[in-house]
Amino acid sequence: MKTVRIRVHPNSKQEKCWKDGERYEIFVKAKAKEGRANEEALNSLSKILHVPLKNLFIIRGQRSPQKTVAVGEREGAEGILPKNSRKRR
């Protein structure tokens with residue numbers, strides 16, 4: 001399974017993303033509350049890498065701006081987000 005390093009910038013005015021060396025810098029409008037910034041960051045990363053969202057998993061840095069994301073299928077894994085942000089209405 002491949003890993004990608006990202007740095008998330010929550011509460012940004014614009015959504016944008018670029019690669020800085022070996023790390024992706026991802027700016028999202030969502031605040032860092034209840035995993036919303038992580039969710040938007042992974043949506044952006046999914047589009048950049050052209051992989052389905054279900055194949056991205058945060059493996060390190062769930063509550064930190066610096067994160068390590070695994071890219072690939074993982075058997076038995078429900079997904080990428082914290083439990084409390086799974087079912088938002």
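Through chains of ILVMFWY side-chain contacts below 4.5 Å, F27 is grouped with W18.
Of the residues listed (I48, L49, L53), the one engaging V51 in a side chain to side chain contact (heavy atoms under 4.5 Å, CB included) is L49, and it is the only one.
Among residue pairs with one or both ends in residues 28-55, none qualify as ring-ring contact (aromatic ring centres under 6.0 Å, His included); sequence neighbours excluded. For residues 1-28, the pairs satisfying salt bridge (Lys or Arg N to Asp or Glu O under 4.0 Å) are R23-E25, with sequence neighbours left out.
Pairing each heavy atom of P10 with each of K31, the nearest pair is CB-C, 4.3 Å. Shortest non-hydrogen contact noted between A37 and A32 is CB-CA, 4.0 Å. Contact record, V8 with K67: CG2-CE, 3.7 Å, taken as the closest heavy-atom pair. When all heavy atoms are compared, the tightest approach of S46 to P52 is OG-C, 4.0 Å.
Separation of atoms CD (E39) and CD (E34) is listed at 11.0 Å; rounding is to 0.5 Å. Between atom CD1 of residue I58 and atom CG of residue L45 there is a gap of 9.5 Å, rounded to the nearest 0.5 Å. Between the CE atom in M1 and the CD atom in E73 there is a gap of 8.5 Å [rounded to 0.5 Å].
When the ring-ring contact (aromatic ring centres under 6.0 Å, His included) test is applied to Y24, no partner is found at least two apart in sequence or on another chain. Residues meeting the side chain to side chain contact (heavy atoms under 4.5 Å, CB included) test with S64, sequence neighbours left out: Q66. Taking S44 as the reference, I26 meet the side chain to side chain contact (heavy atoms under 4.5 Å, CB included) condition, with sequence neighbours excluded.
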